[in-house]
Amino acid sequence: MSLIQPRTLKGFRDYLPEVMIPRERMMQTAREVFRSFGFAPIDTPVLEHLEILTGKGSDETDRQIYRFQDNGGRDVGMRFDLTVPLARFAAQHIGTLGKPFKRYHIAPVWRGENPQAGRYREFVQCDFDTIATESVLADIEAVAVINSLLESLGFDRFTISLNNRTILTGLLEGLGLSDSTVPVLRSLDKLTKIGREKTIAEMVSAAGVTEDQAESVLRLADCNGTPEEIFAMLPEVTGGNETAAAGIDRLQEIYQGAVASGVPARRIKLDVSIARGLDYYTGVIFETTLDDLPEIGSVCSGGRYDNLAGLYTKQHLPGIGASLGLDRLLAAMEKLELLPKISAPAPIFIAYFDADHRDDYLRLAANLRSAGLGVEVYPEPKKLGAQLKYADQKGFTLALIAGGNEWDASTVQVKTLASKETSDVAYIHDDAKELVAFVTNALAAK
RNA sequence: GUGGCUAUAGCUCAGUUGGUUAGAGCAUCGGAUUGUGAUUCCGAGGGUCGGGGGUUCAAGUCCCCUUAGCCACCCCA
């Protein structure tokens, strides 16, 4: 009989314990931050009716949706992001949710695109959104959440780039280019990548604008400097357009509010050239990059949208939200060596090498667990040396060793694996107090 | 979907202008060492050379196709 080759699909990955442990910890950290701002968890099905998913982004995104017919002949698709399912969810449940509604959603999504560095066909998104309010407070809060997320994950040097699409919209309005907004934005988004000349060329060819018009758009993108300097330049660059002026005011409010709510000003940068490809953003938009690893791209992006669920309900549901690139951040932490190499989920290892005392080992483990300690008992009575080697490689902190001598003397030998130091500690069945105290102390001292 | 680079043991890689039986380190397992782990020594297992086809007396090596990985475009987390 020939064996089946074990393999995963292109763009799909397995996660080993050494990756999964920090990954779970990251999700836990994100959950705690979201909850601390009052966001509530939700979940939605992986599969949606195909009509829910298609036609929301570009043709490009439609092409990337995994789709098939289910056993009942229905056209279904796997969710491509968490925003479209949120729109459907909100349209369906807003009556019972109350307004405004703040939710977070951490779940995998699927995209049938070609894999690349840090890009996969299955990956976890970590979204938070506030819907059914247009208040600038929600915008400010989004910036504060991003700051808290990265800070809690252990990052210090990162930059949150802010922009307000309304400023661009106003400028284009003034230039009579309202109909070409989307292609102009797309080209503009490439500015830092392909340079000024090529951007102008692309705007002319792809968006059908004149060179002068393209120049005017780029003058806006050229605004650099401190936030104060940029705010001073913007009214003139946008030609006094009213829509743009309102956008500038709004952006200023967000900036000041974010600083007031504790986001260090050094982490905020105004970048009027970032546009974000997604068409549905209409107001403030943000991208977050790591100062020490800018090449991996944005690790948390999002923005404000006017009308999230217009395709599913007549209710007007504006909102703001962002998505944390969990796996991208994990890759960054790996590169920056912020990850400890530990694959032992419990800190304490019990060597099992005296088969006559099997039940004693089990009782010892149970006693420690009921004191809230994580304990693993080795399943085979192998040579002690082999067991200690296993314990060391797995990254346990302490090993408990007990054989005939110890059981007779009512003690347990506690070994700190890293230092190889041992101590004999008293232990009597059903009275593990002394041992628990010693072990707890040793773990804390680690 | 388009283009470039790559594929040899579980992992990292050697393998000469095509030439006998494809190697090393690490890892695994056994022993030296019937209760003390990053050392040492001895031994063992493990390969359709990614898959398929072709050229040749002869292919890991050359050619074509295919699959997967990496990189770039597009788009994006």
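Chain A is the first sequence line, chain B the second, and so forth, proteins listed ahead of strands; every chain is numbered from 1.
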Peer 1: Crowded around A/E32 CD? As in, over 12 foreign heavy atoms under 6.0 Å?
Peer 2: yes
Peer 1: Want to settle it: does A/D392 or A/Y120 sit nearer the 5' end of RNA chain B, counting the closest nucleotide to each?
Peer 2: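 The 5'-side residue here is A/D392.
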Peer 1: With a non-hydrogen cut-off below 4.0 angstrom, is A/G11 in contact with a base, only sugar-phosphate, or nothing?
Peer 2: sugar-phosphate
Peer 1: Under 4.0 angstrom, heavy atoms only, what part of the nucleic acid is A/L326 near: base, sugar-phosphate, or nothing?
Peer 2: nothing
Peer 1: Are the ring of A/Y390 and the six-membered base ring of B/rG37 within the stacking cut-offs of under 5.5 Å and under 30°?
Peer 2: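 Stacking between A/Y390 and B/rG37: absent.
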Peer 1: Does a distance-only test, which skips hydrogens and angles, find a donor-acceptor pair under 3.5 Å between the side chain of A/E122 and the base of B/rA77?
Peer 2: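 By the distance-only test, no, there is no pair.
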Peer 1: Classify the side chain of A/K415 versus the base of B/rU36 as yes if they form a donor-acceptor pair under 3.5 Å and no if they do not.
Peer 2: yes
Peer 1: Could you tell me how far apart A/F396 (CZ) and B/rU36 (C1') are, to the nearest whole angstrom?
Peer 2: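 Roughly 17 Å, once rounded to whole Å.
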Peer 1: Please state how far atom CG in A/N114 lies from atom C1' in B/rU2, giving the value in whole angstrom units.
Peer 2: 9 Å
Peer 1: Ignoring hydrogens and angles, does a donor from either the side chain of A/Q387 or the base of B/rG35 sit under 3.5 Å from an acceptor on the other?
Peer 2: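 Answer no: no donor N or O sits under 3.5 Å from an acceptor.
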Peer 1: Does B/rG60 have a Watson-Crick or wobble partner in any strand here, with both distances under 3.5 angstrom, and which is it?
Peer 2: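 Answer to the pairing question: none, since B/rG60 forms no Watson-Crick or G-U pair.
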Peer 1: Tell which nucleotide pairs with B/rC76, taking only Watson-Crick or G-U wobble pairs whose two distances are both under 3.5 angstrom.
Peer 2: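 No nucleotide pairs with B/rC76.
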Peer 1: Mind checking A/N405 for me? I need base, sugar-phosphate or nothing, with any heavy atom below 4.0 Å counting as a touch.
Peer 2: base
Peer 1: Relative to each other, are the rings of A/F396 and A/Y390 parallel, tilted or perpendicular (30° and 60° limits)?
Peer 2: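 The rings of A/F396 and A/Y390 sit tilted, inter-plane angle from 30° to 60°.
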Peer 1: Considering Watson-Crick and G-U wobble pairs with both distances under 3.5 Å, what does B/rU20 pair with?
Peer 2: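 When the pairing criteria are applied, nothing turns out to pair with B/rU20, so the answer is none.
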Peer 1: Checking base pairs now: Watson-Crick or wobble, both atom distances under 3.5 Å. What partners B/rU33?
Peer 2: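 Per the H-bond distance test, none.
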Peer 1: Please verify the inter-ring angle class for A/F12 with A/Y66; under 30° counts as parallel, over 60° as perpendicular, anything in between as tilted.
Peer 2: perpendicular
Peer 1: How do A/Q116 and A/R328 order along RNA chain B: which one's closest nucleotide is nearer the 5' end?
Peer 2: A/Q116
Peer 1: Answer with base, sugar-phosphate or nothing: what part of the nucleic acid does A/E113 contact at a heavy-atom distance below 4.0 Å?
Peer 2: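 Contact class for A/E113: base.
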Peer 1: Does the plane of the ring in A/F89 sit parallel, tilted or perpendicular to the ring in A/F101? Use 30° and 60° as the thresholds.
Peer 2: parallel
Peer 1: Minimum heavy-atom separation for A/I140 to A/A258, with atom names?
Peer 2: CG2-N, 3.6 Å
Peer 1: Can you tell me if A/R369 has over 12 outside heavy atoms packed within less than 6.0 Å of its CZ?
Peer 2: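 Yes, the 6.0 Å shell around CZ holds more than 12 heavy atoms from other groups.
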Peer 1: With both distances kept under 3.5 Å, what pairs with B/rC5, Watson-Crick or G-U wobble?
Peer 2: B/rG69
Peer 1: Take atom NZ of A/K382 and atom C1' of B/rU33, then tell me their distance rounded to the nearest Å.
Peer 2: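 Going from NZ in A/K382 over to C1' in B/rU33 covers 16 Å.
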Peer 1: Using whole Å, what does the distance between atom P of nucleotide B/rC76 and atom CG of A/L82 come to?
Peer 2: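 It is 16 Å, rounded to the nearest whole Å.
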Peer 1: Would you say the side chain of A/Q413 and the base of B/rU36 hold a donor-acceptor pair, judged only by whether the two atoms sit under 3.5 Å apart?
Peer 2: yes
Peer 1: Whole-Å distance between B/rC75 P and A/Q64 CD?
Peer 2: 11 Å
Peer 1: With C1' as the reference atom in both, quote the distance from B/rA7 to B/rU48 in angstrom, rounded to an integer.
Peer 2: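 Comparing C1' positions in B/rA7 and B/rU48 gives a spacing of 15 Å.
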Peer 1: Could you give the CZ-to-P distance, from A/R79 to B/rA77, as a whole number of Å?
Peer 2: 15 Å
Peer 1: Could you tell me how far apart A/R119 (CZ) and B/rC75 (P) are, to the nearest whole angstrom?
Peer 2: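 Interatomic distance, CZ of A/R119 to P of B/rC75: 10 Å.
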Peer 1: Tell me the closest heavy-atom pair linking A/L326 and A/M26, and the distance in Å.
Peer 2: O-CE, 3.6 Å
Peer 1: Determine the interatomic distance between P on B/rG18 and the same-named atom on B/rG60; round to the nearest Å.
Peer 2: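 My reading of the P atoms in B/rG18 and B/rG60 gives 13 Å.
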Peer 1: Could you check whether A/G385 gets within reach of a base, just the sugar-phosphate, or nothing at all, counting any heavy atom under 4.0 Å?
Peer 2: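 Answer is sugar-phosphate: A/G385 comes under 4.0 Å of backbone atoms only.
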Peer 1: Between B/rC75 atom P and A/D81 atom CG, what is the distance in whole Å?
Peer 2: 17 Å
